[in-house]
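This report concerns only the one structure given below.
Side chains included, hydrogens not; waters and symmetry mates left out as well; all remaining heavy atoms used. Per chain, numbering begins at 1; letters A, B, ... match sequence-line order.
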Protein chains: 2
Amino acid sequence: MSPDSKRGPRADASRNAARLVAAAREVLAEAGNDAAFDVIARRAGVGNATLYRHFPTRADLLVAVYADEVTALCERGSQLLESADPMDALFAWLDEFVTHVATKRPLALAATEGAAERRTTLFHQWHTAITSTAERLVRRAQPGLRSDVTAIDVLTLASGAALASDPAHACRVVAMLRNGIAARPSPEH
Amino acid sequence: MSPDSKRGPRADASRNAARLVAAAREVLAEAGNDAAFDVIARRAGVGNATLYRHFPTRADLLVAVYADEVTALCERGSQLLESADPMDALFAWLDEFVTHVATKRPLALAATEGAAERRTTLFHQWHTAITSTAERLVRRAQPGLRSDVTAIDVLTLASGAALASDPAHACRVVAMLRNGIAARPSPEH
DNA sequence: ACCTGAACACCGTTCAAGT
DNA sequence: ACCTGAACACCGTTCAAGT
């Protein structure tokens with residue numbers, strides 16, 4: 001009977017979710033990426049179990065916190081699809097991707113070590129958003145790439161470099177990939 | 001006055017260390033790489049604090065457990081230094097290195113994310129053993145490599161690939177590096 | 001000197017009770 | 001339906017007391 005009987009799966013609870021994300025953003029910035037859940041819940045002014053209800057796993061919360069950054073990264077990828085040189089576009093995006101990963105290490109690690117069970121809807125959305133962006137960029141650059149190179153290969157190398165070193169070094173090392181995956185590598189540099 | 005007054009910094013304690021390493025090897029194989037310290041200590045038949053005395057950090061214990069494998073890996077590197085093709089030697093070793101890292105993820109992660117404070121003597125020995133092996137292989141292959149490629153670059157990419165994916169995929173992806181770091185990449189394949 | 005194991009602190013997770 | 005916060009279990013770390 002009430003106006004939001006069937007259509008409103010959320011009442012004031014969505015406010016809690018937003019508050020939790022905002023609090024998480026603050027706490028993560030202050031106390032580092034592995035801050036305690038209790039602290040975040042208290043900061044948001046809700047019970048700790050409410051946090052679990054909205055974000056079953058830590059990765060989910062991180063996805064929510066960094067959602068804006070991720071969509072920005074994907075939009076940047078779309079922009080680069082319009083640029084002149086497909087190869088330049090791919091590697092320009094990879095540079096941004098690397099710095100993105102470097103500051104979200106736990107999220108990137110969850111993507112690799114996390115078993116399939118732990119992968120929730122929210123996490124999956126984040127993962128496919130990035131891989132699909134990479135796939136479009138790789139597909140456009142495909143004529144200039146070795147035929148056996150996939151988007152997954154490129155993402156693996158780039159994120160791996162980001163995980164294994166500091167951002168600056170990761171970018172330097174990603175540049176080396178260019179010859180490695182090119183169909184006809186330029187002889188020098 | 002006793003025979004081991006000055007020369008014997010260890011009495012029966014070295015036995016405990018050996019027992020701890022053996023127990024850790026067992027428990028890690030059974031319960032995974034992040035098994036609880038208490039369980040390991042109990043298995044070894046010693047108090048938990050004794051474990052901390054011998055191995056202040058988890059990385060130290062892992063280094064001790066995998067010490068044999070690491071020296072084998074480094075000896076394999078030395079053997080490969082005698083082989084005919086320096087480039088083949090380097091990448092043959094990298095393949096073994098990648099599978100090594102893939103099964104010691106926490107150790108590899110400690111090497112990247114661990115702050116400088118946490119790096120103990122034992123940990124440092126392990127780290128330099130591997131990097132020095134890589135450096136010798138890279139130095140011998142240097143004429144075939146781009147002049148700006150360092151051993152650290154190669155290790156970063158290889159261990160990164162190992163961290164970001166399964167061993168098989170990591171090997172596949174390391175093969176792509178070959179053109180990326182070669183001075184004059186072969187035009188095809 | 002070296003070891004013991006209890007004690008402490010912390011954190012992720014769950015659950016009965018509220019509204 | 002949704003939330004609360006106390007309770008539980010677990011684990012890393014420390015420390016006073018033993019030998």
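Among residue pairs with one or both ends in residues 46-79 of chain A, those qualifying as ring pair (Phe, Tyr, Trp, His ring centres under 6.0 Å) are F37(A)-Y52(A); sequence neighbours excluded. Sequence neighbours left out, the pairs with a member in residues 124-152 of chain A that pass ring pair (Phe, Tyr, Trp, His ring centres under 6.0 Å) are F123(A)-W126(A). Residue pairs satisfying the salt bridge (Lys or Arg N to Asp or Glu O under 4.0 Å) criterion with at least one member in residues 152-170 of chain A, sequence neighbours excluded, are listed as follows: D153(A)-R172(B).
Rounding to whole angstrom units, CZ of residue R19(A) and P of dC3(D) are separated by 11 Å. In this structure, the CG atom of L51(B) is 10 Å from the P atom of dG12(D), given to the nearest Å.
Remark: E26(A) engages R43(A) in a salt bridge (charged side-chain N to carboxylate O under 4.0 Å, His left out) (not counting sequence neighbours). For R25(B), the salt bridge (charged side-chain N to carboxylate O under 4.0 Å, His left out) criterion is met by no residue, not counting sequence neighbours. Taking R19(B) as the reference, nothing meets the salt bridge (charged side-chain N to carboxylate O under 4.0 Å, His left out) condition, with sequence neighbours excluded. For T99(A), there are no side chain to side chain donor-acceptor pair (under 3.5 Å) partners, not counting sequence neighbours. Applying the salt bridge (charged side-chain N to carboxylate O under 4.0 Å, His left out) criterion to E96(A), with sequence neighbours excluded, gives R76(A).
An OP1 or OP2 oxygen of dT4(D) is reached within less than 4.0 angstrom by a side-chain nitrogen or oxygen of T50(A). For the OP1/OP2 pair of dC3(D) and a distance below 4.0 Å, the side-chain nitrogens and oxygens of H54(A) include at least one atom meeting the criterion.
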Does the side-chain contact (heavy atoms from CB on, under 4.5 Å) test come out yes or no for L163(A) and T112(B), once each step is laid out? CA-CA 8 Å; L163(A) 287 177; T112(B) 69; over 6 Å; no

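Consecutive pairing runs in DNA chain D reach the stem threshold at C:4-8 with D:12-16, C:12-16 with D:4-8, where a stem means at least three Watson-Crick or G-U wobble pairs with distances under 3.5 Å.
Remark: A36(A), F37(A), N48(A), A49(A) in residues 36-49 of chain A come within less than 4.0 Å of DNA chain C through at least one heavy atom.
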Short N/O separations, protein against nucleotides 17-19 of chain D, under 3.5 angstrom:
none

Would you tabulate the side-chain donor-acceptor contacts of residues 80-91 of chain B under 3.5 Å, counting partners in other chains and residues two or more places apart, or write 'none'?
residue : atom : partner : partner atom : Å
S83(B)  : OG   : L80(B)  : O            : 2.8
S83(B)  : OG   : R140(B) : NH2          : 3.3
D85(B)  : OD1  : M87(B)  : N            : 2.8
D85(B)  : OD1  : D88(B)  : N            : 3.2
D88(B)  : OD1  : R178(B) : NH1          : 3.2
D88(B)  : OD1  : R178(B) : NH2          : 2.8

